[in-house]
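Below is one structure, written out as structure tokens; comments come after it.
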Protein chains: 2
Amino acid sequence: MSNTDIWGDLADLFKIFGDSSRIRILYRLLEREYSVNVLADELDMTQSAVSHQLKILKMNKLVRSRREGKQIFYSLADDHVSTILSMGREHIEEM
Amino acid sequence: MSNTDIWGDLADLFKIFGDSSRIRILYRLLEREYSVNVLADELDMTQSAVSHQLKILKMNKLVRSRREGKQIFYSLADDHVSTILSMGREHIEEM
DNA sequence: GTTACATATGAATGTTTATTCATATGTTTA
DNA sequence: TAAACATATGAATAAACATTCATATGTAAC
């Protein structure tokens, strides 16, 4: 092994995108920031399920959160997400 | 739902990259074509494990195979793989 | 045809993981 | 401070999946 497990890290990154719930969440956040409840409503998911997935996305620095009163708004952490997503879509459409 | 599950397809694509064994296989195939045994040797994996993973990669049209005598050589199906991999690496390195 | 080699495959196992349920934490308003 | 609302979290469950083992299929040489 080398000093850092580059393949493990890469696989972990892609693993995050390898779930349709997370993909759908990220696609929403591509337009604008969302609160947890609104996300859950629009995606027809449980508040709990959305919260769990958002935690994973945040731990991996793909989204960030901002509190406003009782609500917490989530948004994309940077623009890598959008490039990775569109990269994937290109491949899909050309298959 | 729409006619086709675009998010499911996208997630499925990324799921393939979400495993370090497959990532390592793909990285080898980035240089040149490989037979199953040589891949297994160099990656320190079982012949069976490599074969199983190659099947998944082939089913998803990420690699293709060519028979030469007793051996079967695998190579990348197109250059999407390389772009997706480098996209991921960029993100990793900037974290 | 039989032996040796290369790859594929099916079943079993263990691990990972997404979701659900119940409840806890945090925030605002009355 | 109590009640209502928004989100987070821990445990449990079920499903997905990578690997191993044993064996099957396919190919070449003898």
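This is a predicted model, so every value here is computed, not measured. Letters go in sequence order (proteins before strands), and every chain restarts at 1.
- The side chain of R67(B) places no N or O atom within less than 4.0 Å of a non-bridging phosphate oxygen (OP1 or OP2) of dG26(D).
- A straight line from CD1 of I25(B) to P of dA18(D) spans 11 Å, rounded to a whole angstrom.
- Where DNA chain C meets chain B (any atom under 4.0 Å from a heavy atom), the bounding nucleotides read 5' to 3' are dC5(C) to dG10(C).
- Sorted by residue number, the members of residues 34-49 of chain A with any non-hydrogen atom under 4.0 Å from DNA chain C read T46(A), S48(A), A49(A).
- Heavy atoms of I56(A) sit under 4.0 angstrom from primed sugar atoms or phosphate atoms, though from no base atom.
- Summarising the geometry, the separation between CE on M59(B) and P on dC17(D) is reported as 10 Å, rounded to the nearest angstrom.
- For E68(A), the salt bridge (charged side-chain N to carboxylate O under 4.0 Å, His left out) test picks out R66(A), with sequence neighbours left out.
- Position along DNA chain C of the nearest nucleotide to E68(A) versus R22(A) favours R22(A) as the more 5'-ward residue.
- Across all strands shown, K15(A) has heavy atoms under 4.0 Å from sugar-phosphate atoms exclusively, and none from any base.
- When the C1' atom of dC5(D) is taken as reference, atom CZ of F73(A) falls 14 Å away, rounded to whole Å.
- Computed from coordinates, the F17(B) CZ to dC17(D) P distance equals 16 Å when rounded to whole Å.
- In this structure, the NZ atom of K55(B) is 13 Å from the P atom of dA18(D), given to the nearest Å.
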